[in-house]
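Labels below follow one simple rule: chain letters A, B, ... track the order of the sequence lines, proteins then strands, and each chain is numbered from 1. The model shown is predicted, which means the values in this text are computed figures rather than measured ones.
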Number of protein chains: 2
Amino acid sequence: MSVGIRHDDLRRRNRAMVIAAVRRAGQPSRTEIAATTGLSHSTISAISSDLIGEGILTESKPSEAGSLKRGRPQVGLGLNPEAAAVMTVVLSLNFLSVAVIDYAGQVIAEEQRRLDTLTMPRDALVGECVAIVRRRLEDPDLDVRSVARIALAIQGITDTRARAMLWSPITPHTDIAFADILEGEFGIPATMENDCNMMAIALRWRDPQRYRDDFIAILLSHGIGMGLVLKGELFTGTHSSGGEFGHMIHRPNGALCRCGRRGCVEAYAGNYAIWRNARQMSEDAEPVADVSDADMRALATAARERDGPEREAYRKAGEALGYGLGSLFALIDPAPVAMVGVSAAAFDLIEPALREAIAQTAGGQHSKSISFDTEPNELPLIREGCAMRALTFVDQEIFAPGTQTRSGLGGKNVA
Amino acid sequence: MSVGIRHDDLRRRNRAMVIAAVRRAGQPSRTEIAATTGLSHSTISAISSDLIGEGILTESKPSEAGSLKRGRPQVGLGLNPEAAAVMTVVLSLNFLSVAVIDYAGQVIAEEQRRLDTLTMPRDALVGECVAIVRRRLEDPDLDVRSVARIALAIQGITDTRARAMLWSPITPHTDIAFADILEGEFGIPATMENDCNMMAIALRWRDPQRYRDDFIAILLSHGIGMGLVLKGELFTGTHSSGGEFGHMIHRPNGALCRCGRRGCVEAYAGNYAIWRNARQMSEDAEPVADVSDADMRALATAARERDGPEREAYRKAGEALGYGLGSLFALIDPAPVAMVGVSAAAFDLIEPALREAIAQTAGGQHSKSISFDTEPNELPLIREGCAMRALTFVDQEIFAPGTQTRSGLGGKNVA
DNA sequence: TCTATTTTTTCGAGCCTCGAAAAAATACTG
DNA sequence: CAGTATTTTTTCGAGGCTCGAAAAAATAGA
């Protein structure tokens, strides 16, 4: 069960803490680090001297040009971009994109590719992923010997251990152990992440003020996904990536969902559902495979112009999202929400019904104070999230290694 | 933000770990403790010698009568019952009960009282609680100078910090800071806990095999409550005790709930809802204040005898619970469920519809493998949970004190 | 150039855990 | 019944880590 703290863990954890402080703060001085970590100046001095010696951190002389203060000027510590690199692989509908990122977080190489993910055979899909990674790794223009971690994100359900995709709407194939495949191929540790979880992580790094300990990222796209951070930690299911907000039941025995079941939130709020309602098709109509972003934008425009089936479709979407959030907020208490994806651009059409619905629920007691943010473009968020995920892994497991993660704090999902 | 580990924390945490190991295992030897904690024998020896010296642990000579093994016999370590005592206060509908428990977990005194909680003025309710605690504390037959902690449980919503009751169905009054009141009155640290959370904690201590890291306790009583343990930790909302499973929305705009809203799970599965449906009253009918356990049992008997409105009422309850669990399992993945409370005795009437409903949901994919346990009597569970809650507090915060819980691991809800 | 001020490093003290060896306590063996 | 094997527990020195205080370093103002 829970495990004691050994003496050697101490240094390891405090090293990790110093690295984390630098990654968060950018260019903090040793004094600032001492303040945020609560450790003594001597300890910080010793640890950072080690880290600089190992090439993980660097000193960056002039922290601020206008140094008005009296005494010895602070010298900022920064991450050494050359200490390592990580790679992100984002696999979405008909689209594959990779990036190589240096240790300081800058993108140093990219490649993107269109694929027909819905019809590709299993081997071809895996093969494309392996090939694109290989091309980046073998790029002679780039010194990427030091790629220390690969983070792969996909729409759909992954397992808690971040090894495999269990199910995804972008391909008919299931249970692909991408992480193991890439590790086997390149000998680089890899993880298989859920796209919405990566969005949540990215939001936290982008705007730590707003998205700190408790917040929700909801992907409004062809399907409905969610990434949830509670008490500062990424929330996942116990077996799967979990957080399948889109498949909470909105109306028992209701509209047909892409998952084959009935009445899911997604069956009212996913792009295909909005499309189906806007075209006044039956709720039993088979969900279409994909609706283009352009079509969705046209739908939104029409809904804004006149009161018709399009507007009603968005209203229904808002209602489903509102009741779904209400149920969620009954469990976890309300928190700020970020709406991401194409339909987030139509949030003006969704919001009224959403707020009305949520006000009918226990979780929506203070519905007016629940704030919504919108971000129409999910891909950059997912990429950033993957990058931070991979980088913090390097921070913790490679540059602050130790008594190899015994059971204890191993699987913490610090966002 | 997250704080470094100081050198003095080390001993503190390892002390806490040893105490916890003893509480879990009962009479473990030093060697067993070393094995479960992963610490060295020397460390365990040093720490347990301290703890014995301080009167927290005791050695209990003959661990097993039939010691067949060869070498030096193990000497068991146990909790010293006199090291401290705690008090539990359980406030439920028309009923108030307290118990004094020694450090080893044995009840050493009890008192119970009937009250008319629904109509009592606020001051009287608080006054009764204070008075009953005072009577136990001042009991001359008992040496209870050393009560180190009071845990108070109530049906309803409490705040995350476990200081106050925010709302409860047993009284019209809201926002009563019971924990602060008792602390102020007696100078003993107190907490205000949610009843269902205590049930979950108790289940974990009763049957750690079955209820280990992930499970759900659902109270089927006048209202519907839930206690949830995820990844070994009690799950609570971010502001409130959270986990208001009973107020997830089952049918938008559906049956009238006791909370004044419509379509909550509870509005179909709470005793009043089953009663309302069994009597073929309108779903809009005002929920009755209370249905006696005897009446509920009569209802169940009738439902078992013939196919009529009673049976249909239980079917509807099962359906609501099933869809609710389905939505919950979409978020957290399926886990074992314990059904507690009067209506758990009628689970045979509820289960078929519940399983049918859950099979319609994404979370119920493997619905057959989800196991349900029943326990008709919630009160003993709540009491035990409070006792363990209070005792583990004493273990950690009083007998392993240190750098006073800075932000870091402060609020962990280890069940 | 000297002084005040702030940051960073150095150094010894005090703990803590660990491993190895010793001590303690029992069962087996002839 | 004495001696040996075995297992548990304690003891002891070594090695690490963090801390506080003091020293050193680096700058702005006078």
At a cut-off of 3.5 Å, list every protein nitrogen or oxygen paired with a nitrogen or oxygen from nucleotides 14-16 of chain D, distance to 0.1 Å.
| unit_1 | atom_1 | unit_2 | atom_2 | d |
| --- | --- | --- | --- | --- |
| dG15(D) | N2 | His7(A) | ND1 | 3.2 |

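For His239(B), there are no ring pair (Phe, Tyr, Trp, His ring centres under 6.0 Å) partners at least two apart in sequence or on another chain. Residues satisfying the side chain to side chain donor-acceptor pair (under 3.5 Å) test with Ser45(A), not counting sequence neighbours, are none. Considering only residues two or more places apart in sequence or on other chains, Glu384(A) meets the side chain to side chain donor-acceptor pair (under 3.5 Å) condition with Arg206(A). The side chain to side chain donor-acceptor pair (under 3.5 Å) check on Thr238(A) picks up nothing, with sequence neighbours excluded. Checked against side-chain contact (heavy atoms from CB on, under 4.5 Å), Glu183(A) has the following partners two or more places apart in sequence or in another chain: Arg163(A), Pro189(A), Ala190(A). Contacts of Arg72(B) classified as salt bridge (charged side-chain N to carboxylate O under 4.0 Å, His left out), with partners at least two apart in sequence or in another chain: none.
For residues 44-54 of chain A, every residue pair satisfying the salt bridge (charged side-chain N to carboxylate O under 4.0 Å, His left out) rule, not counting sequence neighbours, is listed here: Arg11(A)-Asp50(A), Arg15(A)-Glu54(A).
The distance from atom CG of Asp50(B) to atom C1' of dC15(C) is 12 Å, rounded to the nearest whole Å. Distance CG (Asn14(B)) to C1' (dC15(C)): 13 Å, rounded to an integer number of Å.
Residues Thr160(A) and Lys231(B) have side chains that never bring a donor and an acceptor to within less than 3.5 angstrom of each other.
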Each nucleotide in nucleotides 3-10 of chain C should get exactly one letter: B, S or -. Can you fill that in based on protein heavy atoms under 4.0 Å? -BBBBBBB
